[in-house]
Asks: 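Attaching a single structure in structure tokens format; questions to follow.
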Amino acid sequence: MSEHTHKTKTADDPSFQLPASFGSLAVPLAVAGAALLIVGCLIGFFAGPGEGVQPARFTMSAYLVAFTYCFSISLGSLFFVLIQHLVRAGWSVVVRRVAEVMMIALPALAILFLPVIVIAWSPSGTLYQWGYEGYAASHGVPASMWAEKSRYLSADWFSVRSIFYLVTLSAISVFYFRLSRRQDETGEITLTEKMQALSGPSVMLFALVTTFAAFDWLMSLAPMWFSTMFGVYIFAGSVLAAHCAIVVVTYLLQKRGAIKDEVTIEHYHDLGKYLFGFVTFWTYISFSQFLLIWYANIPEETTWFYTRIQGDWEVMSYSIIFLHWLFPFLGLLSRHVRRRPTLVFAWAVYLLLIHFIDIYWIVMPEAGIKFGGATGLLTSLLITGGMVTLYVGGILWFVRCNQVKVLAVRDPRLPESLAFENI
Amino acid sequence: MTDKQEKKLHGTYAEFDAVDTLLAACRRVRDAGYTKTDAFTPFPVHGIDKALGIKPTALPWIALACGLTGTTIGLTMQVWMNTIDYPYIISGKPFFSMPAFIPVSFELTILLASFGAFFGMLALNGLPKFSNPMFTNPRFDRVTDDKFFLYIDAADSRYNHGGVTKLLGDLGGAHIHDVYDDDSSVAVPKPLFVIMASVIFLSLIPLLLVARMRVTTSDSPRFHIFFDMDFSPAKGAQSASSLFADARAMRVDVPGTVAVGQLDEELDFYTGIDMDALARQDKPRAARLVRALLYPDDPEAPAATDEPAVAEGPAKPADEPAKPADEPAKPEMKEEPAPVATADPIPAPATAAAVEDTTPWLKENPLALSLEVLQRGQTQFEIYCATCHGNDGRGNGLVNRRAQRILATAWVQPSSLHQDTLYSDAYPDGKLFSTISNGIRKMGGYSSQINVRDRWAIVAYVRALQASQNASLDDVPLDRRNELTKEKAAVDRKLAEQAEADRQRAEAKAKAEADAAATEAAVVEPAK
Amino acid sequence: MSLAITQGLDNTVERPGERAPLVLGDSTYSSITESVSQIAERPPTKAWVIGFMISASLASWFGICIAYLIYTGVGVWGNMNPVFWGWPIVNFVFWVGIGHAGTLISAILYLFRQDWRTSINRAAEAMTIFAVVCAGTFPGIHVGRAWLAFWLAPYPSLNLWMWPQFRSPLLWDVFAVSTYGTVSLLFWYMGMIPDLATFRDRSRNKYRRMAYGILALGWSGSSRHWMRYEKAYALLAAFAAPLVLSVHTIVSFDFAVSQVPGWHTTIFPPYFVAGAVFSGFAMVLTLMIPARQIFSLEKLITVRHLENMCKVILATGTIVGLAYGTEFFIAWYGQVAEEKFAFINRAFGPYWWAYWIMVTCNVISPQLFWIKSNRTIPWRIVVISIFVNIGMWFERFVIVITSLSRDYLPSAWGYFSPTWVDWSMLVGSFGLFFTLFLLFCRFMPIINMAEVKSTLAGQLHHHHGDH
């Protein structure tokens, strides 16, 4: 069916363009987002969240949450693109451009990471406590151990690594984005072959960078804590978020008439399966990490979870079990749900919200055992809301300015994807 | 052909070579209004469900139900077994360890869900089904190879033999065939039957043997397939060992060892004697007592105490009073180990004259007296002492009564505890304790059976018992007197009733005997 | 219908936009039936007989060693304080790992709609089951009093009057491995039902027909049956996919919930799973390449199939390498003295040779698969796969032995040396594995005929659609 409609469409069909109503939102969103972000930061720094919380640390932590949230979506999208090329997937071509568009935000996000790098140099350990000279003494860490550890956890070395991660990821995404766009014009099959050939090494690099970025940016918030699984944990959340974002964006585009005939129930069905699969995968990874630490009960490791069942965090820790696993697991179990685009969309929106809670839960407890009261909540929401709005606005602006099509119109596997049917 | 007409007709099928022609035929048959149709194919054909109008299956729901059952079984089983029925601490984890219960619950979920999917599929498909009329046609064998069959059931409301045959032919079907009942023999081939029967028979033999062994007993020792540590190389108690020079398998304690929980108290507590005073008065005896307490197993001990024991020998028997057995005697501290102690008492009665007992016995019970202590003493008294001395302490316990009934000659009447010589002024608590611990005359020592604290509790109870037998109503607190009076009245009444009943019974018996004698006499009389 | 177009085609080259054929030559439905069925119908070849005799002798030797062990006691092994988990556990984990490829190919590749699984899934599933049999033997005899191994089951016992200890990962293992064995068996058997029906329908001999007829449960190929069958297959695949992950995860819990340095690290679950898939695929290749040659199945098990498996090995091998690296890094980053020591000791301690064999075979040798010729020339694949198998055995050796031999207290240190019984059991378990596999090749359909025909039908349809 879809095959027929496609055949009547050319690569320049208007339904492959970004809907005008979205394009016109780009600048207002970006401006509003930046404004909210700044207001949020100012409130955090000066109004100060509730008692028991250091305003600067709290605000910077909230900033890191917002950054990580957007970054994880782009990171997961990058993985999505790489893995589709690696396994030469056919079904996903119709939604790959959506992922590519989110992936190409990585270079821009790299700039938004600069404040974090700057704050890492703070001698009082404002965000990363390892930056504080007296950390070892005030936390009873043996000096020899700390001396060894600070060789890795030092501001200069941290900055070098962070820049390396950001540059690497940006380079990969720019490369893939350019080639994919060039194919829109030329339809060269060799471009696909080139992308496939490089996907293997790129995925390896991606895995390495993701693992260590997770260690450096998030795990080192608790300087003495360590878990080899942590990189995989962040990866699992990111890929889930990226799939959700793909569903949400595709659905909204279709609502505005773009790629209306190209993406069918079959694709939603598959994406729904991936949502279900990655919810399960995330659960598997986070449960395994928890179980091993809980069971061995070694103080060096339990501290991380112990922090998260203190004070305000306890309720959140237990809710995550239900919110991030049980509800979406049961909700997406049925094939009938996964074959209804609206329901898949609803679950994707839900999971994107829960993904925020997950990131918040990873970062914020290191800033204090309290939520930070109403101001704290306002700060967190403003910063994240601002960052996400800016992120969305920026992407829209980029797409509008560069006339990026929302479908890889000349991908050689597009017919296969259009004709795709689940068994 | 006529044969076939008599058998039941099931339906008609036609053979196709390719998927596409089959699918086209299926659609046509469906559109022609046939509903009871089926296709038979060597592999699952994509799209045939729609072409034939097959409805989706309920299998996922079956699997889900089974899976949830598995989860429930897994969780309840573990919680019941490790939290409720048999809780024990392991690696410091709580009895209810939810994280640790997840792996097994997960596995059982998967296991049961898989069973649900597999067996549910078989059940819905009506498999296994070994006799199928479809299989009667040898051409149908190729359904599992490369041919496709479209079948229309005779039960279909539109079924018309001629019409169906024509339709199938028009659709490109070849070898159109009618399906009749399978009339091939259902008998199992004989060789197979014999083999199966013998296998079943042979496999029953070991079962029967085991079953027989379970219900019969045998004198021969257990047959050990696995030793299960039944034959330990360790030596049993009292057995000889070649490992040690003294050939004893069990090692004696190192001299001076004090086991945990022993000798926690003052020496006085263990001896019933004021040891300080004794040391001033009779140093060797005190030393002997202490040594006997410290080194109960020490083989050196007798030698060490021998000297003083012999030296004291003539003097000591002198303490031993020559009194009738039923009179309380001055107890002898059996402080020396066995050999010396047994040597002593025999010459004693012959040579001794009453000498005053100068031992500084404790005058008071070292235990703090309380109702609890007294109750403990009572329990212990009734277990160990009352069998001879009687519950009331008058020396007429069960053993004594039995001894009298059988006229035991060697029996020595146990003392009554209610006599002046045994009251605390004449017989201090310490001495009573020592008697219980070490024994007197025929009475053995109880130190090995009753722990020291309980022995003191018995002492306390004996004092209470003595007091109870000499008390008047005035000694009872005012508020309890009424109760006691009532109780006494009740007991008296009961005793009186019993006495009356006994008397009547005796009378009746006497009368009956008299009557019997009279009758006998009457009977005997005529015979003469 | 002839497909001369795919004859002599190099199907390892795939133009984007076209899918390379997975069934080559002028294959038809009946030629597929013929080429698979004749393996079981013809008298055994000489190679099969010789192979069977060798492996059956080794398997018997395994049995004799087990009898000797049970009669004498576990002292016949090299297991000695402090290494109480010696070779038996190394072998157990190794075999469980081998057993992962089958269900992975059947279930996970099925869920990912990878059609190339159809030619290899049957043999891989069979291998899974045989590997689980080998794996299950080792903990069974390692419990000491093997005849009381049933105490692990939660049955109401009047003698014991107590229940198993469900907070122990070793009991999780009992449930995981037995569930895995059962579900794999069901999956394997269910997949075989239509093919057993093919065997039944081809049998001329009455008894043969009866035997296969019983096994085929009266399968008739009805579309309704197929519909439910496919649904059940999809459901079993969906259940088996998390199951296969859970099994090696739980095996990794055996180690990782403890506090032994080198065992307790959170990456263990996914890292064990990747390692299991890695070794399992290597074993599938090691067996399938000779089998394909001997039974002339090149048209069904094509070079493309082999190449894809090589790629999976490369991917999982690289994940394993990343996990080794992460472990090493965190051992340093965590700055826990015992953990640091454990890792230095692995690489440079008394078992340095085992460690470097492991790294060479597991991390370096699969990298050879980056070169296309190494992925397409069968004998090279076999050689590399055998290296991978060796490497994965040593990985378990490194984990079990080095960590146990250097515990927290230097007074409890020791060195593990295997005895002849250890060696015999390792070799004997391979004998058992190969015996079962050879029997399977002889009597069962070693390729899923129905699914390959289905793949061929898709291929034909596609062709038809193009023209």
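Every chain is numbered from 1 and lettered A, B, ... according to where its sequence line falls, protein lines coming before strand lines.
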Asks: Counting heavy atoms not belonging to B:M213, are there more than 12 under 6.0 Å from its CE?
Replies: no
Asks: Looking at C:W147, I want to see if its CH2 is surrounded by more than 12 non-hydrogen atoms of other residues, nucleotides or ligands under 6.0 Å.
Replies: yes
Asks: For B:M81 and C:F166, work out which heavy atoms get closest and say how close.
Replies: SD-CE1, 3.5 Å
Asks: Does C:R167 form a side-chain contact (heavy atoms from CB on, under 4.5 Å) with B:S91? I'd like the steps, not just the answer.
Replies: CA-CA 9 Å; C:R167 283 162 292 172; B:S91 57; 6.0 Å; no
Asks: Just so I know, are the side chains of C:Q165 and B:Y88 near enough to count as touching, which here means a heavy-atom distance under 4.5 Å?
Replies: yes
Asks: Strictly below 4.0 Å, N to O, side chains only: are B:D141 and C:R209 in salt-bridge contact?
Replies: yes
Asks: Kindly give the heavy-atom pair with the smallest separation between B:F130 and C:G213, and that separation in Å.
Replies: CE2-O, 3.3 Å
Asks: If you define the side chain from C-beta out and look only at heavy atoms, does anything of C:V183 sit under 4.5 Å from B:F118?
Replies: no
Asks: Output yes when a side-chain donor or acceptor of C:K231 lies under 3.5 Å from a complementary backbone atom of B:A58, and no otherwise.
Replies: no
Asks: Kindly say whether C:W226 contributes a backbone atom to a donor-acceptor pair with the side chain of B:N125 at under 3.5 angstrom?
Replies: no
Asks: Tell me, for C:M210 versus chain B, whether the close heavy atoms (under 4.5 Å) come from the side chain, the backbone, both or neither.
Replies: side chain
Asks: Can you give me the closest heavy-atom contact between B:L127 and C:G218, atom names plus distance?
Replies: CD2-O, 3.7 Å
Asks: Distance from B:K147 atom NZ to C:S30 atom OG, nearest 0.5 Å?
Replies: 8.0 Å
Asks: With chain C, which of B:G126, B:P42, B:S97 has the greatest number of heavy-atom pairs at distances under 4.5 Å?
Replies: B:P42
Asks: Taking C:R228's backbone N and O only, do any of them form a donor-acceptor pair with B:T57's side chain (distance below 3.5 Å, no angle check)?
Replies: no
Asks: Which one wins on heavy-atom pair count under 4.5 Å against chain C: B:N132, B:I62, B:L59, B:L108?
Replies: B:L59
Asks: Do you know which two heavy atoms are closest between B:A100 and C:W172, and how far apart they sit?
Replies: O-NE1, 3.2 Å
Asks: C:F187 versus chain B, heavy atoms under 4.5 Å apart: side chain, backbone, both or neither?
Replies: neither
Asks: Give the minimum heavy-atom separation between B:A63 and C:F239, together with the two atoms involved.
Replies: CB-CZ, 3.8 Å
Asks: Strictly distance-based, threshold 3.5 Å: is any side-chain N or O of C:R224 a donor or acceptor partner for the main-chain N or O of B:L124?
Replies: no
Asks: Select one option (side chain, backbone, both, neither) describing which atoms of B:Y151 are under 4.5 Å from chain C's heavy atoms.
Replies: neither
Asks: Evaluate the side-chain contact (heavy atoms from CB on, under 4.5 Å) criterion for residues C:L243 and B:E107: first the C-alpha distance (whole Å), next the side-chain angles of each, then the deciding distance (0.1 Å), finally the verdict.
Replies: CA-CA 7 Å; C:L243 177 66; B:E107 298 299 329; 3.0 Å; yes
Asks: Please work out which of the three classes, parallel, tilted or perpendicular, describes the rings of B:F43 and C:Y29, given edges at 30° and 60°.
Replies: tilted
Asks: Return the CZ to CG distance between B:F135 and C:D201, rounded to the nearest 0.5 Å.
Replies: 6.5 Å
Asks: Select one option (side chain, backbone, both, neither) describing which atoms of C:T182 are under 4.5 Å from chain B's heavy atoms.
Replies: side chain
Asks: Among B:P103, B:G67, B:A117, which residue has the highest count of heavy-atom pairs closer than 4.5 Å to chain C?
Replies: B:P103
Asks: Counting only heavy atoms not in C:R208, do more than 12 sit closer than 6.0 Å to its CZ atom?
Replies: yes
Asks: Can you check whether C:T28 reaches B:D146 side chain to side chain, under 4.5 Å on heavy atoms?
Replies: no
Asks: Given that the side chain runs from C-beta out, which part of C:P242 has a heavy atom under 4.5 Å from chain B: side chain, backbone, both or neither?
Replies: both
Asks: Do you know which of C:R200, C:E34, C:M449 has the most heavy-atom pairs with chain B at a distance under 4.5 angstrom?
Replies: C:R200
Asks: Are any of the side-chain heavy atoms of B:P44 and C:Y229 separated by less than 4.5 Å?
Replies: no
Asks: Using every non-hydrogen atom in the two residues, find where C:L186 and B:S114 come nearest and quote the distance to one decimal.
Replies: CD1-O, 4.1 Å
Asks: Taking side chain as everything from C-beta outward and backbone as N, CA, C, O, which of these in B:T83 sits under 4.5 Å from a heavy atom of chain C? Side chain, backbone, both or neither.
Replies: neither
Asks: Assess whether atom OH of C:Y71 is packed by more than 12 heavy atoms of other residues, nucleotides or ligands within 6.0 Å.
Replies: no
Asks: Sort out for me which of B:L111, B:N82, B:I110, B:T109 touches chain C most, counting heavy-atom pairs under 4.5 Å.
Replies: B:N82
Asks: I'd like to know which of B:D145, B:V104, B:L192 tops the heavy-atom pair count under 4.5 Å against chain C.
Replies: B:D145
Asks: Between chain C and each of B:V143, B:L122, B:D85, count heavy-atom pairs under 4.5 Å; write down the option with the most.
Replies: B:D85
